[in-house]
Amino acid sequence: MNILENISLKTFNTFGIDKTARFFVSVKSIEELKEALVWAKSQEVNPLILGGGSNILLTQNQETLVIKIELEGIKIVQENDEFSFVEVGAGVNWHQFVLTAIDNNWAGIENLSLIPGTVGASPMQNIGAYGVEIKDVFWSLKALNKETLEIEEFNAEQCQFGYRESIFKHELKGKYVICSVIFRLRKDPVFHTEYGAIQETLEASGIKELSLKAISDAVIQIRQSKLPDPKEIGNSGSFFKNPTIPTEQYESLKEQYISIPGYPNSEGTKVPAAWLIEQCGWKGQRFGEIGVHAKQPLVLVNYGDGDGNEIKNLAIKIQQSVIDKFGISIHPEVNFL
Ligand code: EPU
């Protein structure tokens, strides 16, 4: 085990924030992960587990051991007539896994193309896009209990998935390290093209026959047209979650703001945070090295040398303006560290 000291985390978070790790180690096996956890315990520090760093905002130097998960591997562990059950290492890049699935004709995650981050982080916040969430294809996961150092298996019900939520962000926060995820992927695809932008993109490209690749290409095209590439402009995808408000509140807002979009769900009406933020005048605003993306105001960006605290303060101002104008609280999807 090679523990490094005082390492910049700039290339390990998609926001590109330049904070440091007091100690840093990459782990390529469960044995190495256990060793790193034991070492952290001996130093009396609570380690920070890092995947692709695509859902974090670093606001300070990390005076602890940062453990970068590099557990690899994609393999079929079981199959039947309908499904292939595929186990994927937590360190596998999410989009690489999507591409492997498409190559192998494993259906179900094509709508989730180009989401930054790693497979291990995907169940944490039940990643989703274009009408599909990971819970739709999730079978189980294996996670290391940080106290007992035993591997435990969790099925979908035990993960308590919700919109950008799971038990690992709540009751079990910080208690487990996800090591691998088993996905149940269809042999015969069921295409999800109901999302407007997908339909339009497929039509525009003149696709005659639907395929996993065609959908994936459409999703990639949509994402590239709206979302900044973290390699070019630091960002963490959607910074806020879309709020669900009581339908009565939505109806009364609609009297004042005729164009307010709303999507009914079991808890009320979901309102796009992007719309709320745009109405408050933030879209495309730049403040020195940070700002609000011009094509998707739900995305906050770091143009280069931005600081995590500046982004945090901007997020607080945006939240306040949405409360002042609409009486709606919006909450970050990103974790502040
Ligand atoms: N909108 C605006 N102005 C804009 C952009 C969007 O008013 O500049 C409004 C429009 O009404 C639009 C609506 O927002 O119809 C929804 O926009 P979009 O389709 O871009 O989706 P989103 O709700 O903003 C969510 C996810 C994304 C995911 C897309 C597509 C959350 C927090 N975000 O964004 O996920 O890619 O849907 O399914 O749920 C991520 O989590 O990092 C992420 C990118």
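Atoms within each ligand, like the ligands themselves, are counted from 1 in listed order. It should be emphasised that the depicted structure is a prediction, and the values quoted were computed from it without experimental measurement.
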Close-range residues for ligand 1, whose non-hydrogen atoms fall below the 4.0 Å threshold = G128, A129, Y130, Y163, R164, Y195, R223, K226, G237, S238, F240, K241, N242, P261, Y263, P272, A274, W275, E278, K283, K295, Q296, P297, L298, E333
Please determine if K142 and E87 form a salt bridge, counting it only when a charged side-chain N lies under 4.0 Å from a carboxylate O.
-> yes
How are the rings of F326 and W275 set relative to one another: parallel (under 30°), tilted (30 to 60°) or perpendicular (over 60°)?
-> tilted
So does K34 pair up with E150, basic N to acidic O under 4.0 Å?
-> no
Would the number of heavy atoms belonging to other residues, nucleotides or ligands and lying under 6.0 Å from CD of E5 be above 12?
-> yes
Between D307 and K312, does at least one N-O distance fall below 4.0 Å, as a salt bridge requires?
-> no
Do other residues, nucleotides or ligands put more than 12 heavy atoms under 6.0 Å from E194 CD?
-> yes
